[in-house]
Each structure stands twice: as C-alpha cells, then as structure tokens.
Amino acid sequence: MPTFSDFSSLVQLGAAVGIGLSLFRAPIEGRLKALNAQLSSEIGAIDGLNSEKARQRRRKVYGIRLKANLCEQRVKKRAKPLLGALIFGAIINVLTLICFGFVADQEIDSHWFAFTIFTTVLYYPSIYLFLSILALEEIGPIQQELDEMAG
C-alpha cells in the first residue's frame, strides 16, 4: 500500500502547475498574441496606401483592433476568478504537502488518495479547459471577423 510520502512529488507538481498557470494564462495569452500579430500585419500592409479601398480596409482593421482591445479587457476580467482558483489550488497543494510531511510513513487511505488525485491531476486541467473555452468564446469571433476580412 502506498504511503503519503509516495505522493509528495505529485503534490509538489500540483502546486507548481497552479502557480505557473496563474501567472502565464496560456490559453488566453496565446490567442490574444496571435490576434494582435495578425492585426499588426494587416495594419502594416495597408499603412501608407491612400486609395479608397485602402482607407476602407484601414477603417475595418482599426474597428477590429478596437474590438480586440475591448475583448482583451473583458476576457481578463472574466478570467480572474479562474486565476484565483489556480492560486487557491496551489495553496491547497502546499498545505497538503506540509500535512503529508507529518504522516509520511503512514499508508494513504482512499479518501486522501482521491483528494490528492483530484487536486493535482484533475483540478488544473479542468481550469485550463475553462480558460481555453473562455478564450475561444471571447476571442474566436473577433479572429473569425479578421480572417473573413483578410479573405
């Protein structure tokens, strides 16, 4: 039967993942970075052109850029509770690690086993999935509008 000490590395990993995800916000930052790069490319392509078609395209691109900036503020605001949940999970993992240190040689029971698996293996991927869905839901329509305009 496994002991509490057998799970200490898993709990350490859980704490590190929680802290890392709360700082990095990969699903959101990745989508925003790609969107902003594409917008910058579009602006660079039409900058300096003075035809009517270029002016119309410029208005569309700057309109999309405004939507993207507003979207970025909105998505970061909506993501705050999820980022707080990541930090909460990391704190739980650190406290669990401390508790496991006091009973390291004892056999782990099924309740602690389930708790450890949930807080390290299932909790963070679930939050990552929610962040990905949030990013897709908020940023996706703007990206699609830009893609359609780019043709």
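Starting from 1, each residue takes its place in the sequence as its number.
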Any non-hydrogen side-chain atom of Glu42 less than 4.5 Å from a side-chain atom of Arg57?
yes

Is the number of heavy atoms from other residues, nucleotides or ligands within 6.0 Å of CG (Asp47) greater than 12?
yes

same_hphob_cluster(Leu129, Leu136) at 4.5 Å side-chain heavy-atom cutoff:
no

Nearest 0.5 Å please: distance from the CZ atom of Phe100 over to the CG atom of Leu95.
11.5 Å

I'd like to know if the side chain of Arg58 reaches the main chain of Ile43, judged simply by a donor and an acceptor atom lying under 3.5 Å from each other, with no hydrogens or angles considered.
no

Should we say atom CZ of Phe130 is surrounded by more than 12 heavy atoms from elsewhere, each under 6.0 Å from it?
no

What distance do Leu131 atom CG and Glu29 atom CD have between them, rounded to the nearest 0.5 Å?
10.5 Å

Shortest non-hydrogen contact from Ala85 to Tyr123?
O-OH, 2.7 Å

Closest contact, heavy atoms only, Ile127 versus Leu82:
CG2-O, 3.8 Å

Checking Thr116 side chain against Trp112 main chain: does a donor-acceptor pair fall under 3.5 Å?
yes

What's the verdict on side chain to side chain donor-acceptor pair (under 3.5 Å) for Gln143 and Asp147, showing C-alpha distance, side-chain angles and the deciding distance?
CA-CA 6 Å; Gln143 182 70 54; Asp147 290 343; 3.1 Å; yes

Indicate yes or no: at least one non-hydrogen side-chain atom of Val94 is less than 4.5 angstrom from one of Ile98.
yes

Are Leu122 and Leu86 connected into the same hydrophobic cluster when the rule is that any two of I, L, V, M, F, W, Y join if their side-chain heavy atoms are below 4.5 Å apart?
yes

If you look at every heavy atom in Ala135 and Pro27, which pair is closest and at what distance?
CB-O, 3.6 Å

Can you get from Ile28 to Ile133 by hopping between Ile, Leu, Val, Met, Phe, Trp and Tyr side chains that sit under 4.5 Å apart?
no

Using atom types as modelled and distance alone, determine if a side-chain donor or acceptor of Tyr124 lies under 3.5 Å from a backbone N or O of Ala90.
yes

Pairs satisfying salt bridge (charged side-chain N to carboxylate O under 4.0 Å, His left out), at least one member in residues 62-75, at least two apart:
Lys67-Glu145, Glu72-Lys76, Arg74-Glu138

If you compare all heavy atoms of Leu146 against all heavy atoms of Ile64, which two are closest, and at what distance to 0.1 Å?
CA-CD1, 4.0 Å

Between atom CG of Leu35 and atom OG of Ser40, what is the distance when rounded to the nearest 0.5 Å?
9.5 Å

By side-chain hydrogen bond (donor to acceptor under 3.5 Å, both in side chains), Thr119 pairs with (sequence neighbours left out) Asn93

Given Ile92 and Phe115, is the side-chain contact (heavy atoms from CB on, under 4.5 Å) satisfied, shown in steps?
CA-CA 11 Å; Ile92 293 298; Phe115 174 79; 3.6 Å; yes

Is there a side-chain contact between Tyr62 and Ile46, using heavy atoms and a 4.5 Å cut-off?
no

Is there a path of hydrophobic side-chain contacts, each under 4.5 Å between heavy atoms of I, L, V, M, F, W or Y residues, that connects Leu134 with Leu70?
no

